[in-house]
Amino acid sequence: MRGAKQHMFAVILLLLGVGLTQLQPPQPMYVGAGYGTIVMGAVWIVIIIIRDYRK
């Protein structure tokens with residue numbers, strides 16, 4: 001069950017990042033924070049996949 005919570009949190013980070021990049025009018029700080037959040041979520045998912053693959 002712990003893995004499902006990690007996946008859910010990573011997906012929420014990705015969706016939050018996409019939401020931040022879609023604000024109108026675009027504000028550079030929020031767009032940058034959105035891209036950073038997307039990258040954090042994607043890296044988190046890659047780490048989880050690599051960790052599970054090694055098992």
Side-chain angles (χ1 to χ4, degrees):
M1 188 66 166
R2 182 176 175 210
K5 290 180 183 177
Q6 288 181 351
H7 292 294
M8 182 179 64
F9 187 72
V11 169
I12 289 171
L13 278 179
L14 290 171
L15 292 174
L16 177 65
V18 170
L20 284 173
T21 60
Q22 300 301 314
L23 292 176
Q24 294 296 328
Q27 296 178 359
M29 186 186 107
Y30 291 132
V31 172
Y35 288 136
T37 306
I38 291 170
V39 169
M40 279 190 337
V43 168
W44 189 326
I45 289 175
V46 168
I47 289 171
I48 291 171
I49 291 171
I50 290 172
R51 187 187 66 203
D52 289 344
Y53 181 71
R54 289 184 179 177
K55 286 183 181 179

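Values reported hereafter were calculated over all heavy atoms of this structure, with side chains retained and with hydrogens, waters and symmetry mates removed.
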Can I get a per-line list of side-chain donor-acceptor pairs under 3.5 Å for residues 23-47, giving both atom names and the distance, sequence neighbours left out?
from, atom 1, to, atom 2, distance (Å)
Thr37, OG1, Ala33, O, 2.7

Is it possible for you to say whether Leu14 and Val18 belong to one hydrophobic cluster, with membership spreading through side-chain heavy-atom contacts below 4.5 Å?
-> yes
Distance (rounded to the nearest 0.5 Å) between [X] [atom1] and [Y] [atom2]:
X: Ile12; Y: Lys5; atom1: CD1; atom2: NZ; result: 12.0 Å
X: Thr21; Y: Leu16; atom1: OG1; atom2: CG; result: 10.0 Å
X: Asp52; Y: Gln6; atom1: CG; atom2: CD; result: 8.5 Å

